[in-house]
Amino acid sequence: MKILYSDILPLSLEDNQQTAAECFAEQTAQSDCLEIAVGYVSQASLEELDRIAEEYNIGKVTLIMGMYFVDGM
């Protein structure tokens, strides 16, 4: 298990700290499927997930959504 950090201002990373986004990209590159549970989903996030699945050649994506906003869906 790792502690993941944010580099969104006003926060910054110190040496040897990894962001959640970096960890997600690293793990996705080693995967053939994704299982994700999230609290909020927008159309933009679904489009990004689709792009990531294509980029890393992910064969199956399971997405459990807690909430979503009618944002073009």
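Keep in mind it's a predicted model, so treat the numbers as computed, not measured.
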Rounded to the nearest 0.5 Å, what's the gap from CD on Gln18 to CZ on Phe24? Could you check?
-> 13.0 Å
CD1 (Ile36) and CG (Leu63) are apart, to the nearest 0.5 Å, by 6.0 Å
Identify whether Ile52 and Met65 are in the same connected component of the hydrophobic contact network (ILVMFWY, side-chain heavy atoms under 4.5 Å).
-> yes
Is it true that Arg51 and Glu54 have a side-chain N and a carboxylate O under 4.0 angstrom from each other?
-> no
Taking every non-hydrogen atom, the tightest pair across Glu22 and Gln17 = OE1-O, 4.3 Å
Apply the test side-chain contact (heavy atoms from CB on, under 4.5 Å) to residues Lys60 and Thr62: give CA-CA distance (whole Å), side-chain angles for both, the deciding distance (0.1 Å), then the verdict.
-> CA-CA 7 Å; Lys60 179 181 176 185; Thr62 302; 3.7 Å; yes
What is the minimum heavy-atom distance between Leu4 and Thr19, and which atoms define it?
-> CD2-O, 4.1 Å
Can you tell me how far the CG atom of Asp32 sits from the OH atom of Tyr56, to the nearest 0.5 Å?
-> 15.0 Å
Any donor-acceptor N/O pair, Ser42 side chain to Ser45 backbone, under 3.5 Å | yes
Distance from Asn57 atom CG to Thr28 atom OG1, nearest 0.5 Å?
-> 12.5 Å
Minimum-distance pair of heavy atoms, taken over all atoms of Val61 and Ala53 | CG2-CB, 4.2 Å
Hey, are Glu47 and Gln43 close enough side-chain-wise for a donor-acceptor pair under 3.5 Å?
-> yes
Transitively linked via ILVMFWY side-chain contacts under 4.5 Å: Leu13 with Leu9?
-> no
In Å and rounded to the nearest 0.5 Å, what is the OH to SG distance from Tyr5 to Cys23?
-> 12.5 Å
When you look at CD of Glu35, are more than 12 heavy atoms from neighbouring residues, nucleotides or ligands closer to it than 6.0 Å?
-> no
